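Taking it in order: structure first as structure tokens, then the write-up.
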Amino acid sequence: MLLDPLANALNMLKTYDSKGKKEVVVRPTSNLIQNVLATLMKEGYIGEFERIDNAQGGEFRIQLLGRINKIGVVKPRFSVKLHEIDQWEKQYLPAINFGHLIMSTPEGVITQKDAIEKHVGGRLLAYVF
């Protein structure tokens, strides 16, 4: 039984990427996982992915590029205001302008840099570098 499908998906990405695999299959699917994967693809951490619907909850086939050093979820999902983003970057990212915080905002699932540009806050979902 999965308690957090997003944490399971990101853990599988990290594990398969560190082993040098080129593809990973993640089950089950959700819109949140799909939005996080789209953000990771936009930032260049993963390649193309596809959602395959089947009777068992669906699955994602994700192409790995070997660019993930560390990835993980943030629990609990802290609420972050715009002026607090720098503090959270210092806590979860190793250096300035290195890596991304992934946030759920009213504008969708975006990185902290996009949130600053759009002047929105949100909830922390994950970090990647």
Side-chain angles (χ1 to χ4, degrees):
M1 180 171 86
L2 297 176
L3 297 178
D4 188 358
L6 178 62
N8 182 48
L10 296 183
N11 189 32
M12 288 183 71
L13 283 176
K14 178 176 66 174
T15 303
Y16 278 67
D17 196 58
S18 67
K19 290 183 178 181
K21 304 289 184 183
K22 298 296 180 193
E23 182 178 272
V24 63
V25 176
V26 175
R27 295 180 193 97
T29 62
S30 74
N31 289 337
L32 178 63
I33 296 173
Q34 183 172 349
N35 293 336
V36 170
L37 291 175
T39 303
L40 290 173
M41 186 177 73
K42 183 183 119 193
E43 297 299 329
Y45 288 102
I46 62 172
E48 297 290 322
F49 70 93
E50 66 175 321
R51 185 176 187 162
I52 301 168
D53 292 321
N54 57 22
Q56 292 109 15
E59 64 187 23
F60 288 110
R61 289 194 189 279
I62 306 163
Q63 303 297 320
L64 299 175
L65 302 176
R67 295 187 180 155
I68 297 173
N69 294 319
K70 189 169 182 183
I71 189 170
V73 296
V74 176
K75 284 292 201 150
R77 294 187 174 144
F78 295 106
S79 181
V80 178
K81 295 179 180 160
L82 182 62
H83 62 83
E84 298 173 340
I85 290 177
D86 289 340
Q87 297 167 357
W88 293 101
E89 284 179 332
K90 290 176 186 175
Q91 183 170 348
Y92 285 104
L93 301 179
I96 296 173
N97 294 327
F98 184 73
H100 298 293
L101 295 175
I102 299 173
M103 302 172 61
S104 176
T105 67
E107 301 289 325
V109 176
I110 57 177
T111 64
Q112 87 278 11
K113 294 175 185 175
D114 294 335
I116 291 170
E117 287 176 8
K118 295 179 180 183
H119 299 286
V120 294
R123 293 203 175 260
L124 281 181
L125 296 176
Y127 61 91
V128 62
F129 55 89

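Quick note: residue numbers are just sequence positions, from 1. Remember, predicted model here, so these are calculated numbers, not experimental data.
The 12-atom threshold is exceeded at NZ of Lys113, counting heavy atoms of other residues, nucleotides or ligands nearer than 6.0 Å. Shown here is Lys22, whose NZ atom has no more than 12 heavy atoms of other residues, nucleotides or ligands within 6.0 Å.
The two residues Val109 and Thr39 come nearest to each other via the heavy atoms O-OG1, 3.1 Å. Across every non-hydrogen atom of Leu93 and Val128, the tightest pair is CD2-O, 4.1 Å. Scanning all heavy atoms of the two residues, the minimum distance from Ile33 to Pro28 falls at CD1-O, 3.8 Å.
The main-chain N or O of Val25 is never found under 3.5 Å from a side-chain atom of Glu59 such that the two would form a donor-acceptor pair.
Within the structure, side-chain hydrogen bond (donor to acceptor under 3.5 Å, both in side chains) contacts touching residues 4-17 (residues at least two apart or in different chains) are Asp4-Lys75.
In this structure, Leu124 is not a member of the same hydrophobic cluster as Tyr45, with clusters built from ILVMFWY side-chain heavy atoms closer than 4.5 Å. Transitive grouping of hydrophobic side chains (ILVMFWY, heavy atoms separated by less than 4.5 Å) keeps Ile110 and Leu32 in distinct clusters. Under a hydrophobic-cluster definition in which Ile, Leu, Val, Met, Phe, Trp and Tyr are linked whenever side-chain heavy atoms come within less than 4.5 Å, directly or via other members, Val73 and Phe78 are assigned to different clusters.
Residues forming a side chain to side chain contact (heavy atoms under 4.5 Å, CB included) with Arg123 (at least two apart in sequence, or on another chain): Ser79.
Summarising the geometry, atom CD1 belonging to Ile116 is positioned 6.0 Å from atom CG belonging to Asp86; distances are rounded to the nearest 0.5 Å.
Ring geometry, Phe49 versus Phe60: the interplanar angle exceeds 60°, so the pair is classed perpendicular (tilted spans 30 to 60°).
For the pair Gln112 and Trp88, the minimum side-chain heavy-atom distance is 4.5 Å or more. Looking at heavy atoms from C-beta onward, Arg51 lies in side-chain contact with Asp53 at the 4.5 angstrom threshold.
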